[in-house]
Number of protein chains: 2
Amino acid sequence: MASPHTSIRHDRDSVARTALALLDEVGLADLSMRRIAARLDVQPSALYWHFASKQELLAELSDRITATIDAPGPDVVATARAIRDALFTHRDGAELVLSTYALRLGSSRAQSALARALTDAGADDADDRAAALLQFVLGHATLVQQRMHADSYGALPADGPHDATAGLDRIFDLGVNALAGVTHSPTLRD
Amino acid sequence: MASPHTSIRHDRDSVARTALALLDEVGLADLSMRRIAARLDVQPSALYWHFASKQELLAELSDRITATIDAPGPDVVATARAIRDALFTHRDGAELVLSTYALRLGSSRAQSALARALTDAGADDADDRAAALLQFVLGHATLVQQRMHADSYGALPADGPHDATAGLDRIFDLGVNALAGVTHSPTLRD
DNA sequence: ACCTGAACACCGTTCAAGT
DNA sequence: ACCTGAACACCGTTCAAGT
């Protein structure tokens, strides 16, 4: 085993992996450079050898989250679900991707996957639909994850007449179907 | 005029109004309790007489932003536009409302306005559609405002083949129409 | 009723210097 | 190539004490 006095050297990958694991433990609001450094047994300033800023580190985490999306082919609904599930894989994943998204508009792999599926499905405005669909998925997933967090803290205002989390899957499907252009007769008849 | 040595006393309203004005100047990321206090010529601790926490202050700002939505009747698209415009009225308005939204799911005035319009339009699943619609509007508006901010800092990766901001209105209309249940022929060409 | 002063436990980031 | 140590300019929040 390694001697306890031998400090372990890190690289970009190990820093990002540790940060992603810490994200799941503490959430985005408490994911500080100092905490990540402490987890790596390193001074905070050491992180700046690997990443120019916290923003750059968060962008890397966002890329890793969206990189796990496997394009399931021409099924638009399945693609949207795959994106949502990738966001749900890590705590506050949707908020992180959303907050990091502004820079690379249109070039994201998530949006490209949707655009491809929509093109295969015969949509004439695939790019616009893909953009709208992704905006819906990000908004939806962000709110769902926020609500999960609020619930676990008991900060919710007493569940009300009907359970709120229960209908979220239904709302997601409704939104995706509508945006995908699924009409009441979804199959092409010619 | 008031003597320069006479400190002005504040209340909940004046603190919130100052914070909202400061939001437009510095943005959500730089809206700190200490900055708000400085603008009010007051110690940071003074704010905690009026608001229990920063979170509570931000929730108040969010309420003030959404309170300006005037329900324009049974037109779903017009209602969605009114919500988007209210979010755009203040810098980072969409992100602020989105981040504050988890606690009061379903009870928001924005969602209620959409649900009313959808019911009037004869939708059988008005509540679900209203939720999906609001999630799309929040996702869309958050990304648009982020992009505006990124653009003004020159952090954008060279505009690419076609201008990215130009198509945003088109994408918004496409999304709202699809989610509102508007079937084909939205454009009048005849 | 509303605010000050002082403290506590934190932040992100820079930079010379070490190995 | 990767990290330490020290510093700088900040954070949100609490609480006794003042007026």
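Side chains are part of it too, since the values below use all heavy atoms of this structure and drop only hydrogens, waters and symmetry mates. So that the names make sense, note that chain A is the first sequence line, chain B the second, and so on, each numbered from 1.
When the nearest nucleotides of DNA chain C are assigned to A:S45 and A:R35 by heavy-atom distance, the more 5′-ward of the two goes with A:R35. Mapping A:P44 and B:M33 onto DNA chain D by nearest heavy atom places A:P44 closer to the 5' end of the strand. Comparing A:A46 and A:L31 along DNA chain C, the residue whose closest nucleotide (by nearest heavy atom) sits nearer the 5' end is A:L31.
Remark: A:R170 engages B:D128 in a side chain to side chain donor-acceptor pair (under 3.5 Å) (not counting sequence neighbours). With sequence neighbours excluded, no residue forms a salt bridge (charged side-chain N to carboxylate O under 4.0 Å, His left out) with B:R9. Contacts of A:E25 classified as side chain to side chain donor-acceptor pair (under 3.5 Å), with partners at least two apart in sequence or in another chain: A:R39. Considering only residues two or more places apart in sequence or on other chains, A:R116 meets the salt bridge (charged side-chain N to carboxylate O under 4.0 Å, His left out) condition with none of them.
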**OP:** Please step through side chain to side chain contact (heavy atoms under 4.5 Å, CB included) for the pair A:M33 and A:L57, ending with a clear verdict.
**Re:** CA-CA 9 Å; A:M33 296 297 268; A:L57 211 195; 3.9 Å; yes

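Distance noted for atom C1' between C:dA9 and D:dC10: 13 Å (whole Å). Look at the C1' atom in both C:dC2 and D:dA17: the space between them is 13 Å, to the nearest Å.
A salt bridge links B:R64 and B:D13; the closest N-O separation between the charged side-chain nitrogens and carboxylate oxygens is under 4.0 Å.
A:L114 and B:L174 end up in different hydrophobic clusters when Ile, Leu, Val, Met, Phe, Trp and Tyr side chains are linked at under 4.5 Å.
Across all strands shown, B:S53 has heavy atoms under 4.0 Å from sugar-phosphate atoms exclusively, and none from any base.
Taking every heavy atom of both residues into account, B:S108 and B:Y101 meet most closely at OG-OH, 3.1 Å.
Counting only Watson-Crick or G-U wobble pairs whose defining distances are both under 3.5 Å, the stems of 3 or more consecutive pairs in DNA chain D are C:4-8 with D:12-16, C:12-16 with D:4-8.
Here chain B contacts DNA chain D (any atom closer than 4.0 Å to a heavy atom, that is under 4.0 Å), and the contacts span D:dC11 to D:dC15 from 5' to 3'.
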